Amino acid sequence: MTSERDEAASAARQPADPASDESLSEALGAVARQLREKSAETLAAWSMTPAHLRALRMLNRHGTMRLSTISDRLQIAPRTATEVVDALQARDLVRRRADPDDRRATLVEVTEHGADVLAEIRATRGPEAGRIFARLSPADRAELASILSKLRD
């Protein structure tokens with residue numbers, strides 16, 4: 001009985017394998033938290049949340065779409081999509097208009113002001129993310145991009 005306790009205590013004192021699933025998960029979580037915190041600090045200057053930015057970027061990239069499509073693409077509840085669009089519209093970053101193909105549906109599109117704000121955010125966030133990833137060599141960055149792409153799929 002004592003030897004089992006001693007073995008368990010010894011195992012607990014040994015450093016964790018940095019390639020274990022648990023260690024990788026913790027490391028990835030820590031980096032993700034760093035990125036989220038930096039992002040939140042940056043977005044505060046525009047009174048924008050990460051959810052608002054995701055929606056605005058998606059609309060800018062893919063063009064005008066229905067609220068239901070926004071909800072589906074962002075994988076959020078329809079009510080949440082409505083709240084995000086409401087917040088963006090209140091600041092003239094997007095506009096709603098009637099869908100000519102379905103009077104019950106509403107289309108959402110990025111305004112010129114919204115595109116300008118996105119460009120400002122992109123110009124500010126790029127250097128911030130760059131500071132985090134600058135610790136990696138170009139080869140390490142390429143490998144990380146490849147690995148994250150595999151995990152994302």
Side-chain angles (χ1 to χ4, degrees), residues 12 15-153:
D17 174 10
S20 73
D21 290 346
E22 185 177 342
S23 294
L24 288 171
S25 178
E26 288 175 13
L28 185 60
V31 172
R33 270 189 304 283
Q34 254 187 322
L35 289 167
R36 275 193 307 273
E37 287 169 5
K38 272 293 183 204
S39 180
E41 288 172 19
T42 301
L43 294 176
W46 287 275
S47 302
M48 190 176 297
T49 68
H52 296 155
L53 179 62
R54 284 180 58 219
L56 191 59
R57 287 175 57 194
M58 184 194 57
L59 283 163
N60 194 59
R61 185 178 306 121
H62 299 288
T64 303
M65 61 182 67
R66 289 180 178 183
L67 275 167
S68 60
T69 305
I70 295 170
S71 171
D72 291 344
R73 287 203 177 182
L74 294 178
Q75 298 178 338
I76 57 178
R79 178 71 192 133
T80 303
T82 299
E83 290 170 357
V84 167
V85 169
D86 286 347
L88 294 173
Q89 185 176 17
R91 296 189 9 256
D92 190 37
L93 300 172
V94 300
R95 75 170 69 67
R96 286 181 168 100
R97 62 180 173 87
D99 184 338
D101 298 328
D102 182 351
R103 291 187 312 197
R104 297 169 296 164
T106 301
L107 296 175
V108 181
E109 59 192 6
V110 176
T111 62
E112 188 175 326
H113 176 62
D116 291 344
V117 167
L118 263 179
E120 291 172 22
I121 291 171
R122 203 174 287 123
T124 302
R125 287 185 75 197
E128 287 178 358
R131 280 191 284 279
I132 291 172
F133 294 113
R135 295 174 259 179
L136 301 175
S137 69
D140 286 345
R141 289 171 78 140
E143 185 176 355
L144 178 61
S146 174
I147 291 167
L148 292 175
S149 176
K150 288 176 186 176
L151 292 175
R152 185 185 286 170
D153 294 343

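All residue numbers refer to positions in the sequence shown, counting from 1. Model, not experiment: these values are computed from the prediction.
Within the model, atoms CG of D72 and CE of M65 stand 10.5 Å from one another, a figure rounded to the nearest 0.5 Å. Going from atom CG of L67 over to atom CZ of R79 covers 10.5 Å, rounded to the nearest 0.5 Å. Atom OG1 of residue T82 and atom CZ of residue R96 lie 6.5 Å apart, to the nearest 0.5 angstrom. In this structure, OG in S23 is found 12.5 Å from CG in L28, a value given to the nearest 0.5 Å. Once rounded to the nearest 0.5 Å, the distance linking CD1 of I121 with CZ of R57 reads 9.5 Å.
No more than 12 heavy atoms of other residues, nucleotides or ligands shown are found within 6.0 angstrom of CZ on R103. Atom CD of E143 sits in a sparse spot, with 12 or fewer heavy atoms from other residues, nucleotides or ligands closer than 6.0 Å.
Of the possible polar contacts, one joining the T111 side chain to the L93 backbone as a donor-acceptor pair under 3.5 Å is found. A donor-acceptor pair is defined here as one N or O able to donate and one able to accept, closer than 3.5 Å; no such pair exists between the side chain of R95 and the backbone of D92. Looking only at distances, a side-chain donor or acceptor of R54 sits under 3.5 Å from a matching main-chain atom of L74. Within the 3.5 Å criterion, the main-chain N or O of A145 finds no donor-acceptor partner in the side chain of S149. A donor-acceptor pair is defined here as one N or O able to donate and one able to accept, closer than 3.5 Å; such a pair exists between the side chain of T124 and the backbone of E120.
When all heavy atoms are compared, the tightest approach of T64 to L107 is CG2-CB, 3.6 Å. Looking at every heavy atom in both residues, I70 comes nearest to A81 through CG2-CB, 4.3 Å. Nearest approach of A77 to S71, heavy atoms of both residues: C-OG, 3.6 Å. Closest of all the heavy-atom pairs between R122 and N60 is NH2-ND2, 4.1 Å. The minimum heavy-atom distance linking A115 with V110 is given by the pair N-CG1, 3.5 Å. Annotation for I132 and R135: closest pair O-NE, 3.3 Å, computed over non-hydrogen atoms.
Residues H52 and R91 bring no donor and acceptor atom of their side chains to less than 3.5 Å of each other.
With respect to the salt-bridge test (charged N to carboxylate O, under 4.0 angstrom), the residues R33 and E37 do not qualify.
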Query raised in the report: Does the pair T49 and V84 meet the rule for a side chain to side chain contact (heavy atoms under 4.5 Å, CB included), with working shown?
Result: CA-CA 9 Å; T49 68; V84 167; over 6 Å; no
Query - Stepwise side chain to side chain contact (heavy atoms under 4.5 Å, CB included) check, L35 with F133 - result: CA-CA 10 Å; L35 289 167; F133 294 113; 4.0 Å; yes
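Residues R66 and D102 have side chains in contact (heavy-atom distance under 4.5 Å, counting atoms from C-beta outward).
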